[in-house]
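A short write-up of the structure that comes next.
All chains are named by letter (A, B, ...) in the order of the sequence lines, taking the proteins before the strands, and each is independently numbered beginning at 1.
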Amino acid sequence: MKKQLKKQLTNSDNDGFFDRVYDVVRLIPAGRVTTYGAIARFTGAPKAARMVGWAMNASHLQPGFVPAHRVVNRNGLLTGKHHFRHPDMMQELLESEGIAVENDRIVEFSRVFWDPYKELI
DNA sequence: ACAGTGACCTACT
DNA sequence: GAGTAGGCCACTG
């Protein structure tokens, strides 16, 4: 575990996928959210959404702040809430940023959705 | 070495 | 529309 993470942290023989993922996630403004798929597309691996999820799993070990709570699945569902220190932390973080969450789902998801392609061009 | 498992998504029945 | 299959690739037993 530590070895692999160290590899990514040191960025030695890494193709940069994880780092690009973290970079994009860090660029998500407060009060907006994006999806695993959107990040995967934007980082050049359209079908590697699961890897984005895995990257989020290790995001808390990254240097700096990685707002993993602003990344949800395509339906606006908070599928990753159980991987936070507290299961309800994800929802509370989102609500503290002005995002309404109901039944583990983001209300008005299409309105707060942040598309890297539209915002980072 | 190998098979199973995932914070997922798209595309095809 | 629901259900299935395939893809991505790191990690685990």
Side-chain angles (χ1 to χ4, degrees):
Chain A
M1 188 62 137
K2 288 183 178 174
K3 222 193 311 180
Q4 296 80 358
L5 293 171
K6 186 180 178 184
K7 190 166 74 172
Q8 291 161 19
L9 288 170
T10 53
N11 199 17
S12 50
D13 51 351
N14 183 355
D15 65 348
F17 176 74
F18 283 82
D19 295 311
R20 273 200 297 272
V21 170
Y22 295 131
D23 283 339
V24 175
V25 174
R26 275 190 266 256
L27 289 173
I28 306 172
R32 309 290 299 278
V33 295
T34 191
T35 68
Y36 303 98
I39 295 173
R41 250 187 351 234
F42 191 77
T43 49
K47 299 180 178 179
R50 301 175 93 169
M51 296 307 104
V52 177
W54 200 92
M56 292 305 100
N57 187 36
S59 63
H60 58 84
L61 297 170
Q62 287 298 309
F65 178 56
V66 181
H69 60 279
R70 295 179 193 146
V71 184
V72 297
N73 77 345
R74 163 113 192 91
N75 306 310
L77 215 57
L78 277 63
T79 49
K81 57 177 284 189
H82 295 298
H83 294 270
F84 284 81
R85 293 210 314 278
H86 231 18
D88 290 332
M89 199 168 91
M90 188 175 185
Q91 173 167 349
E92 290 178 7
L93 284 169
L94 289 171
E95 286 177 339
S96 72
E97 296 176 352
I99 298 177
V101 177
E102 204 171 290
N103 285 340
D104 295 341
R105 200 187 99 256
I106 292 182
V107 184
E108 301 285 343
F109 175 64
S110 57
R111 190 199 284 287
V112 295
F113 176 66
W114 181 83
D115 188 354
Y117 274 107
K118 294 189 175 185
E119 312 286 349
L120 293 181
I121 296 293

Do any N or O atoms from the side chain of A/Arg70 and from the backbone of A/Ile28 form a donor-acceptor pair under 3.5 angstrom? yes
Do side-chain atoms of A/Tyr22 reach the backbone of A/Ala55 as a donor and acceptor pair under 3.5 angstrom? yes
Compare the minimum distances between each of B/dC9, B/dA7, C/dC8 and the side chain of A/Ala68, then state the nucleotide with the smallest one. B/dA7
Output the residues of residues 71-94 of chain A in contact with DNA chain B, where contact means a heavy atom of the residue under 4.0 Å from an atom of the strand; sort by number or write none. A/Asn73, A/Arg74, A/Thr79, A/Gly80, A/His83, A/Phe84
Under 4.0 Å between a Lys/Arg side-chain N and an Asp/Glu carboxylate O for A/Arg32 and A/Glu97? no
What integer distance in Å separates A/Ile106:CD1 from B/dA7:P? 18 Å
Rounded to whole Å, CD of A/Gln62 lies from P of B/dA7 at a distance of 19 Å
Find the distance A/Lys47:NZ to C/dA10:P and express it as a whole number of Å. 17 Å
Tell me the interatomic distance from A/His60, atom NE2, to B/dA7, atom P, rounded to whole angstroms. 13 Å
Of the listed nucleotides B/dA7, C/dC8, C/dA10, the one nearest the side chain of A/Ser59: B/dA7
Residue pairs involving residues 81-116 of chain A (criterion ring pair (Phe, Tyr, Trp, His ring centres under 6.0 Å); sequence neighbours excluded): A/Phe109-A/Phe113
Of the listed B/dT10, B/dA7, C/dA10, the closest approach to the A/Arg41 side chain comes from B/dT10
What is the distance, to the nearest angstrom, from the CH2 atom on A/Trp54 to the C1' atom on C/dG7? 19 Å
Considering only atom P, compute the distance from C/dA5 to B/dG4 and round it to an integer number of Å. 15 Å
Backbone of A/Asn75 reached by a side-chain donor or acceptor of A/Asn73 within 3.5 Å: yes
From CZ of A/Arg50 over to P of C/dA10, roughly how many Å is that when rounded to an integer? 13 Å
Between B/dC9, C/dA10, C/dC8, which nucleotide gets closest to the side-chain atoms of A/Tyr36? B/dC9
Testing B/dA7, B/dC9, C/dC9 for proximity to the side chain of A/Met51, the answer is C/dC9
Please identify which of these residues, A/Val33, A/Thr34, A/Val107, meets the side chain to side chain contact (heavy atoms under 4.5 Å, CB included) condition with A/Val112. A/Val33
Take atom CZ of A/Phe17 and atom C1' of C/dG7, then tell me their distance rounded to the nearest Å. 13 Å
From the candidates B/dT10, C/dC8, B/dA7, the one with an atom nearest any side-chain atom of A/Asn57 is B/dA7
Under a 3.5 Å distance rule, please check whether A/Asp115 uses its side chain to pair with a backbone N or O of A/Tyr117 as donor and acceptor. yes
